[in-house]
Every structure is written in C-alpha cells, then in structure tokens.
S.K.: 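Following this message is one structure expressed as structure tokens.
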Amino acid sequence: MLDIKHTICPSCSVGCGLNIVSKDGAVVGTYPYKRHPINEGKNCLNGRNSILQFDNQIEKPSMVKNGELEESDNESVLKIIKDQLASIDASELAIICSGNSTNEELDKIKEFADGFGCEKIGFYGYNFPNFSADVASYDDIAGAGTILVIGDIYRENPLLARRVVLSKENGAKLINLDDVEKSITSLNADEFIQFDGHLGDKIDAVKGKLDENSIIIANKICCKDDFALLESLSVDTGAKLLPVFCTPNMKGAMKRFDSWDAEEVKNIIGDSKVLIVVKDNPLGYLSKDDIKGKGFIVNISNEDNAFAKISDVVLPGKSWAEKAGTFTNCEGLEQCFEVSAEIESDALSEMEIFDELA
C-alpha cells in the first residue's frame with residue numbers, strides 16, 4: 001500500500017512543499033503538495049529528483065581502507081571517533097556543517113562543539129557571507145517594477161522564477177547578470193549583461209535602472225566581495241535584496257555558524273587533526289589533494305561518492321525524509337516538517353550521533 005506524507009523539498013532554499021510516496025519502507029516517488037503556499041501544487045525537476053539519493057546510498061556504518069568501504073556497525077565506528085577525539089585538544093578539531101541539516105541538528109552540533117571547546121566550526125557558504133540585513137519576501141516579487149537576477153534562477157530555482165514570470169506578465173522588467181554566455185534566465189530576460197568572473201563595473205551598468213520598486217535576486221556569487229557590491233547596490237538604490245541558496249537550510253546555518261569560502265575551508269582542514277564533515281561534500285569545491293591525508297576524516301552522510309572513499313570512517317546519517325525538524329528558507333520563514341518515510345536502516349540522525357559523541 002502506498003503511503004503519502006508531506007515534507008519540505010531539500011533541493012534548494014526556496015522551501016517548496018513536497019509529498020513523499022513510499023511503499024513497504026522504500027521511497028518510490030514524489031507527488032505535488034497541492035496546498036503548500038509557496039509552490040501551490042507544483043514541483044520542479046530538482047524537487048522531483050530529490051529522491052534519487054535513495055537509489056545509491058551508503059546503508060551501513062563503515063571504515064574506509066584503501067579507498068573501499070568496509071561495513072561495520074554504529075557502536076564500533078562511534079568508538080573509533082571517540083578515541084580520535086580523546087587524543088586531541090580542542091584546537092585540533094574542525095567541524096564542517098551544511099545547510100542540509102535541520103535547525104535542531106545544527107543546534108545539537110553547536111552544543112557538542114561548545115562542550116568540546118571547538119572554535120573551528122562553520123560551513124561552506126558557496127561564497128555567500130554571513131549577513132544580518134532584512135531580505136525581500138516572495139510577495140515583493142509580485143509588486144516589483146524591475147527584477148535584477150544574478151545567476152540562472154529559471155533553471156536552478158524554477159518555482160521562484162515562476163513568480164518572476166507572473167511579475168513580468170504584470171509589466172515588470174527582468175535584467176539578468178551572469179558569467180555565462182547563455183542560460184534559461186538570460187533567454188527570458190528583457191536585458192542580459194554578461195560579466196567576466198566578478199560583477200565589477202557591471203554594477204554601474206544597472207544602478208540607474210533600480211529604485212525602491214525593484215528587487216535583486218541572487219543565487220550565484222563568485223566571491224564575498226561581489227555580495228558586498230550587491231548589498232551596496234541595494235542600499236544605494238533602495239532595491240530589496242533576496243539571496244537564494246542551493247541547500248534547504250543555509251539560512252538557518254548562517255544564523256549559527258561562520259560561512260566559509262573554499263580557501264577558508266582548505267586552511268581549516270590543513271590546521272586540524274580530526275575533521276568532522278556533516279552532510280557536505282568538500283570535493284565539490286576543493287581538490288582531493290586539499291583534503292586527503294590532512295587528518296582523520298569523519299564523514300556523516302549516506303551519499304556514496306568520491307568523498308566517502310577518502311574519508312576514514314562513514315556514518316550514514318538519516319536523510320531529511322527520515323526525520324522531523326525545521327528548515328529556514330531564503331526569505332526567513334521557518335518551516336516545520338515531520339518524518340515522511342519510515343526506512344529500515346542503521347542510519348542515525350545528527351541528533352543521535354552527537355548525543356553519542358558528547
């Protein structure tokens with residue numbers, strides 16, 4: 001018998017509702033969440049594909065030897081981690097979190113780090129820095145006269161882009177800045193401006209086109225300096241700013257930890273003897289040489305990928321569908337969700353793992 005339960009899509013920070021379809025303890029599909037106020041019964045391809053992670057995942061706690069995972073059990077792997085932690089002082093531990101954990105799990109990780117005395121705790125922010133300024137709401141898109149988009153939201157965040165489309169139908173002008181020659185967003189823009197690596201002087205090209213009735217949406221930042229340029233552009237013109245992130249709870253992570261760029265993560269790894277990585281894949285922004293052999297790597301994730309093969313131990317943390325909690329979406333709305341899939345496995349949640357390690 002099919003079981004359908006509500007959850008929040010993990011594909012980006014827009015915060016769309018998603019229904020998970022399971023049968024006999026296995027996730028078999030998704031179904032649109034008809035009454036969800038953000039996506040209003042529509043799910044994009046990214047959301048529908050979010051369940052592909054269940055097709056190729058690590059199911060057992062493992063020790064990694066010569067690039068191969070050797071299955072073990074939670075008790076044995078947790079003991080190895082505890083022994084490693086007992087052999088170092090607080091300055092030799094680093095924890096890389098991510099916006100893939102719930103707010104409650106991030107609080108638990110912070111509690112563990114504080115208890116251990118670990119100060120090197122943060123997350124890779126995809127070049128978005130920590131910021132505390134108010135951001136635009138989705139409703140602001142509907143009333144905008146001009147919408148400036150940095151990146152390709154039509155491809156990466158299509159259900160947010162849907163609001164841009166509706167705004168354009170009401171007369172809004174869409175300007176797109178990107179460092180690619182062509183994208184879905186650029187093809188639908190009224191004006192496309194290509195920049196080379198960094199925004200630089202392209203900001204001056206759009207400053208006179210924005211006012212208090214404008215909104216700036218950015219899902220792609222090449223460096224933290226570029227984000228500072230967008231913040232200044234927002235202040236100078238009165239335009240509202242809406243950063244959009246590629247993980248569901250990066251906004252929640254920003255409220256708790258430092259946002260690191262790739263170079264900062266690389267330096268943190270190089271200065272640590274034990275590295276705990278929670279639901280992140282550093283090989284997405286660092287090279288293998290930046291990571292391998294720098295210290296003892298604890299990988300809390302069920303993704304069977306190249307990073308798992310260069311870790312020392314792997315604990316297959318539960319997926320978002322297997323746990324309850326909250327994500328904070330990019331406009332700052334904290335959204336609750338319950339367990340949407342009962343899957344039989346040895347996976348533990350971050351709450352359980354860090355309770356055991358404390």
Side-chain angles (χ1 to χ4, degrees), residues 12-14 124-158 160-246 250-251 254 258-264 285 329-332:
C12 74
S13 66
V14 173
Y124 176 63
Y126 296 86
N127 298 319
F128 284 95
N130 293 77
F131 65 95
S132 57
D134 291 337
V135 299
S137 71
Y138 298 161
D139 289 340
D140 290 326
I141 299 174
T146 301
I147 302 171
L148 172 63
V149 171
I150 318 298
D152 189 6
I153 66 165
Y154 275 63
R155 178 182 177 85
E156 303 298 333
N157 316 104
L160 186 62
R162 175 174 175 267
R163 293 173 180 260
V164 175
V165 171
L166 295 175
S167 186
K168 281 192 67 183
E169 290 177 354
N170 290 328
K173 179 181 180 180
L174 172 61
I175 304 173
N176 180 218
L177 267 66
D178 208 337
D179 60 355
V180 299
E181 292 184 3
K182 184 170 62 176
S183 70
I184 300 176
T185 302
S186 71
L187 292 172
N188 285 276
D190 298 291
E191 181 179 357
F192 173 56
I193 302 173
Q194 186 178 4
F195 59 89
D196 184 16
H198 300 286
L199 291 176
D201 58 359
K202 302 303 181 184
I203 291 294
D204 291 332
V206 298
K207 182 177 289 188
K209 302 173 184 181
L210 304 180
D211 56 26
E212 295 85 355
N213 195 35
S214 304
I215 184 169
I216 304 166
I217 303 173
N219 74 354
K220 180 180 185 179
I221 295 295
C222 295
C223 66
K224 291 182 178 181
D225 289 342
D226 276 3
F227 187 78
L229 290 175
L230 292 182
E231 287 187 299
S232 296
L233 180 64
S234 174
V235 171
D236 293 344
T237 63
K240 297 180 177 67
L241 178 60
L242 179 62
V244 185
F245 313 118
C246 61
M250 201 165 111
K251 183 81 169 178
M254 278 185 171
D258 290 335
S259 175
W260 294 327
D261 61 24
E263 189 65 23
E264 289 172 316
Y285 48 91
N329 76 351
C330 57
E331 64 173 345

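All values below come from the heavy atoms of this structure, side chains included, with hydrogens, waters and symmetry mates left out. Everything numeric here is computed off the predicted structure, so don't read it as measured data.
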S.K.: Applying side-chain contact (heavy atoms from CB on, under 4.5 Å) to H198 and D225, what does each step give before you reach the verdict?
M.R.: CA-CA 9 Å; H198 300 286; D225 289 342; over 6 Å; no
S.K.: Pick one: which of T185, I150, I216 meets side-chain contact (heavy atoms from CB on, under 4.5 Å) with L177?
M.R.: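 For L177, the side-chain contact (heavy atoms from CB on, under 4.5 Å) check succeeds only for I150.
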S.K.: Would a distance-only check, ignoring hydrogens and angles, find a side-chain to backbone donor-acceptor pair under 3.5 Å from D140 to S137?
M.R.: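 The answer is yes, because a donor-acceptor pair under 3.5 Å joins these two groups.
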S.K.: Could you check whether atom CZ of R155 has more than 12 heavy atoms from other residues, nucleotides or ligands sitting under 6.0 Å from it?
M.R.: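 Counting neighbours around CZ of R155, 12 or fewer heavy atoms of other residues, nucleotides or ligands fall under 6.0 Å, so no.
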S.K.: Between K202 and Q194, what is the shortest heavy-atom contact and its length?
M.R.: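 Minimum heavy-atom contact is CE-O, 3.4 Å.
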S.K.: Hey, is the main chain of F192 close enough, under 3.5 Å, to the side chain of S186 for a donor-acceptor pair?
M.R.: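 Flag not set: sc S186 to bb F192 has no pair under 3.5 Å.
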S.K.: If you round to the nearest 0.5 Å, how far is CG of L210 from CD1 of I175?
M.R.: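 Output value for this atom pair is 6.0 Å.
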S.K.: Run K209 and E191 through salt bridge (Lys or Arg N to Asp or Glu O under 4.0 Å) and show every step you take.
M.R.: CA-CA 11 Å; K209 302 173 184 181; E191 181 179 357; 2.5 Å; yes
S.K.: Where do P243 and V135 come nearest, in terms of heavy atoms and distance?
M.R.: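 Reported closest heavy-atom pair: CD-CG1, 3.8 Å.
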S.K.: Please name all residues satisfying salt bridge (Lys or Arg N to Asp or Glu O under 4.0 Å) with K220, sequence neighbours left out, ordered by chain then number.
M.R.: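 Testing K220 for salt bridge (Lys or Arg N to Asp or Glu O under 4.0 Å), a comparison that skips the adjacent residues, returns D178, D179.
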S.K.: Is the backbone of L230 close enough, under 3.5 Å, to the side chain of S234 for a donor and an acceptor to pair up by distance?
M.R.: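 No: the side chain of S234 does not pair with the backbone of L230.
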S.K.: Heavy-atom distance under 4.5 Å between the side chains of R162 and V164, does that happen here?
M.R.: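 No. Closest side-chain heavy atoms not under 4.5 Å.
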S.K.: So among I147, T146, L174, which one has a side-chain contact (heavy atoms from CB on, under 4.5 Å) with D190?
M.R.: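 So, applying the side-chain contact (heavy atoms from CB on, under 4.5 Å) to D190 and each of I147, T146, L174, only L174 qualifies.
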S.K.: With a 3.5 Å cut-off and sequence neighbours excluded, list the donor-acceptor pairs that the side chains of residues 165-172 form with protein atoms.
M.R.:
| residue | atom | partner | partner atom | Å |
| --- | --- | --- | --- | --- |
| S167 | OG | I141 | O | 2.9 |
| K168 | NZ | N188 | O | 2.6 |
| N170 | ND2 | L166 | O | 3.4 |

S.K.: For D134, is the CG atom crowded, meaning more than 12 foreign heavy atoms sit under 6.0 Å from it?
M.R.: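 Not buried by this count: 12 neighbours or fewer within 6.0 Å.
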S.K.: Tell me whether K251 is salt-bridged to E331, with the criterion being a basic N under 4.0 Å from an acidic carboxylate O.
M.R.: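 No, no charged N to carboxylate O under 4.0 Å.
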S.K.: Just by modelled atom types, is the I221 backbone N or O under 3.5 Å from a matching donor or acceptor in the D226 side chain?
M.R.: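 No, the answer is negative, given that no donor and acceptor are paired below the 3.5 Å cut-off.
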S.K.: State whether E231 and K224 are salt-bridged, where the test is any N-O pair (Lys NZ or Arg NE/NH1/NH2 against Asp/Glu carboxylate O) under 4.0 Å.
M.R.: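 Here E231 does not pair with K224 in a salt bridge, since their nearest N and O are not under 4.0 Å apart.
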S.K.: Taking atom CG of N130 and atom CZ of F227, what is their separation to the nearest 0.5 Å?
M.R.: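 Interatomic distance, N130 CG to F227 CZ, rounded to 0.5 Å: 10.0 Å.
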S.K.: Would you say the side chain of Y138 lies within less than 4.5 Å of the side chain of V14, judging by non-hydrogen atoms?
M.R.: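 Yes, side chains in contact.
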S.K.: Between F245 and Y126 (judged by ring centroids, cut-off 6.0 Å), do the two rings come close enough to count as a pair?
M.R.: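 No; Y126 has its ring centre 6.0 Å or more from that of F245.
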S.K.: Any donor-acceptor pair under 3.5 Å linking the side-chain atoms of N157 with those of N219?
M.R.: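 Result is yes, a qualifying pair exists.
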S.K.: Do the side chain of T237 and the main chain of D211 share a donor and acceptor less than 3.5 angstrom apart?
M.R.: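 Pair absent, no side-chain N/O of T237 close to backbone of D211.
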S.K.: Before you tell me yes or no, could you show the steps for V180 and D152 under side-chain contact (heavy atoms from CB on, under 4.5 Å), namely the whole-Å CA-CA distance, both residues' side-chain angles and the distance that decides it to 0.1 Å?
M.R.: CA-CA 9 Å; V180 299; D152 189 6; over 6 Å; no
S.K.: Evaluate the side-chain contact (heavy atoms from CB on, under 4.5 Å) criterion for residues F131 and L241: first the C-alpha distance (whole Å), next the side-chain angles of each, then the deciding distance (0.1 Å), finally the verdict.
M.R.: CA-CA 12 Å; F131 65 95; L241 178 60; 6.0 Å; no
S.K.: If you look at every heavy atom in M250 and G125, which pair is closest and at what distance?
M.R.: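 For M250 and G125, the tightest heavy-atom pair comes out as CE-O, 3.2 Å.
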S.K.: Closest approach of N329 and S13, non-hydrogen atoms and distance?
M.R.: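 The pair with the smallest heavy-atom distance is CB-O, 3.1 Å.
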S.K.: Checking the side chain of E156 only, and the main-chain atoms of I153 only, is there a donor and an acceptor separated by less than 3.5 Å?
M.R.: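 No.
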S.K.: Provide the closest heavy-atom pair for A144 versus I215 in the form atom of the first, atom of the second, distance.
M.R.: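 Nearest heavy atoms, A144 then I215: CB-CG2, 3.8 Å.
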S.K.: Between CD1 of I203 and CG of L148, what distance do you get to the nearest 0.5 Å?
M.R.: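 The CG atom of L148 is 7.0 Å from CD1 of I203, to the nearest 0.5 Å.
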S.K.: Any donor and acceptor pair, going by atom type alone, linking the side chain of D258 with main-chain N or O of W260 inside 3.5 Å?
M.R.: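 Judged by distance alone, no pair lies under 3.5 Å.
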S.K.: If we ignore hydrogens and angles and just use 3.5 Å, is the side chain of N127 paired with the main-chain N or O of C222 as donor and acceptor?
M.R.: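 Flag set: sc N127 to bb C222 pair under 3.5 Å.
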S.K.: Over all heavy atoms of both residues, which pair between A218 and F128 is shortest? Give the atoms and the distance, please.
M.R.: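 That would be O-CZ, 3.5 Å.
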